[in-house]
Structures are given as structure tokens and as C-alpha cells.
Amino acid sequence: QVQLVESGGGLVQAGGSLRLSCTASGRTFSYYPMGWFRQAPGKEREFVAAISRTGLGTYYTDSVKGRFTISRDNAKNTVYLQMNSLQPEDTAVYYCATCQIFGSMKVPDFGSWGQGTQVTVSS
């Protein structure tokens with residue numbers, strides 16, 4: 001239900017970093033756990049990371065553990081994804097979404113979605 005807008009994507013070389021932002025229009029942002037997904041051309045949408053309402057709880061897909069960090073600033077209605085040590089296989093459109101069932105990595109358990117932001121990692 002909340003409107004989400006992602007930003008911060010771009011082109012980086014392998015080993016570089018990007019910080020994605022997702023800003024919500026609703027004033028009930030702090031109520032929702034939030035997540036990040038990504039989708040490469042020809043591939044299914046893949047879970048990346050999620051964060052609890054307070055920011056104290058997080059979980060990640062195995063391929064990004066130790067490299068990506070999800071965080072949030074409820075006062076700014078924003079969730080972030082800090083991406084370090086980027087690899088070409090990280091190339092995808094990245095989407096943020098509200099989370100309806102915290103702990104899930106499944107698309108149907110996430111609600112409102114942003115339009116996505118492109119991340120391209122070159123060799």
C-alpha cells in the first residue's frame with residue numbers, strides 16, 4: 001500500500017560499492033519490516049535482505065552475506081542497502097518492498113514494491 005521509490009543505482013567496477021536508498025511516501029513506514037530483492041534479465045526475482053521495523057533484526061541471502069548491509073532511518077522514511085565488494089553477478093534491477101511476514105524470503109510474503117533501480121557491475 002505504501003509507495004516506494006528506489007534510487008542510488010549505477011555502473012561500478014567489480015570490487016566497488018554502491019548505496020541504494022528506498023524512500024516511502026506513507027507516514028506509517030516504521031510499522032513495516034522492509035526488504036530488498038533483485039532481478040537480473042531472464043531470471044526470477046531473488047531475495048537479498050530484510051530488516052525489522054526497529055532495525056535491530058536483519059537477514060540476508062547467502063550470496064551477499066558479509067558484503068551487503070541493510071539499514072533504515074524511520075525518521076527519513078528510508079531503507080538503505082549498502083553494497084560492497086560488488087561482483088558482476090550482482091548486476092540486476094534492485095527493488096525494495098514492504099515485508100508482511102518477517103523471516104520470509106518469498107516474493108508473495110512482501111507487499112508494496114518500488115519501481116526498481118539498475119545496478120550494473122563491470123569486470
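Taken to the nearest 0.5 Å, the SG atom of C99 stands 12.5 Å off from the NZ atom of K106. Residue N84 holds its CG atom at 9.5 Å from CG of L18, rounded to the nearest 0.5 Å. Distance check: S123 OG to Q87 CD gives 10.5 Å after rounding to the nearest 0.5 Å. Taking OG from S21 and CG from L4, the interatomic distance works out to 12.5 Å, rounded to the nearest 0.5 Å. Distance check: N77 CG to M34 CE gives 9.5 Å after rounding to the nearest 0.5 Å.
Smallest separation of non-hydrogen atoms from D109 and S104: OD2-OG, 2.6 Å. When all heavy atoms of N74 and R53 are compared, the pair lying nearest together is ND2-O, 3.0 Å. Heavy atoms only, all atoms of each residue included: Q82 and S17 are closest at NE2-CB, 4.0 Å. The two residues V2 and A24 make their nearest non-hydrogen contact at CG2-CB, 3.6 Å.
There is a path of hydrophobic side-chain contacts, each under 4.5 Å, that joins V79 to V119. Linking ILVMFWY residues whenever their side-chain heavy atoms come closer than 4.5 Å, directly or via other members, places F47 and F102 in the same cluster. One hydrophobic cluster, built from ILVMFWY side chains closer than 4.5 Å, holds both V121 and V48.
K65 is linked by a side-chain contact (heavy atoms from CB on, under 4.5 Å) to Y60, D62, counting only residues two or more places apart in sequence or in another chain. Residues satisfying the salt bridge (Lys or Arg N to Asp or Glu O under 4.0 Å) criterion with R67, sequence neighbours excluded, are D90. Under the ring-ring contact (aromatic ring centres under 6.0 Å, His included) criterion, Y31 pairs with no residue, sequence neighbours left out. Residues passing the side-chain contact (heavy atoms from CB on, under 4.5 Å) test with T54 are S52, L56, sequence neighbours excluded.
When atom types are taken as modelled, the side chain of T91 and the backbone of T120 share no donor-acceptor pair closer than 3.5 angstrom.
Evaluated for a side-chain contact (heavy atoms from CB on, under 4.5 Å) with W36, the options I51, L81, V64, T61 yield exactly one hit, L81. When each of E46, E44, E6 is paired with R38, the salt bridge (charged side-chain N to carboxylate O under 4.0 Å, His left out) condition holds for E46 and for no other.
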Exercise for the section: Test T117 against S7 for side-chain contact (heavy atoms from CB on, under 4.5 Å), laying out the working first. Expected result: CA-CA 6 Å; T117 185; S7 62; 5.5 Å; no
Exercise for the section: In sequence, state the C-alpha distance, the side-chain angles, and the governing distance for M105 and Y59, and then conclude on side-chain contact (heavy atoms from CB on, under 4.5 Å). Expected result: CA-CA 9 Å; M105 299 182 182; Y59 56 97; 4.1 Å; yes
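Under a cut-off of 6.0 angstrom, the local environment of CD in E89 is crowded, with over 12 non-hydrogen atoms contributed by other residues, nucleotides or ligands.
Under the ring pair (Phe, Tyr, Trp, His ring centres under 6.0 Å) criterion, no residue pair touches residues 69-94, with sequence neighbours excluded. Residue pairs satisfying the ring pair (Phe, Tyr, Trp, His ring centres under 6.0 Å) criterion with at least one member in residues 104-123, sequence neighbours excluded, are listed as follows: F37-F110, F37-W113.
T23 places none of its side-chain heavy atoms less than 4.5 Å from the side chain of K76.
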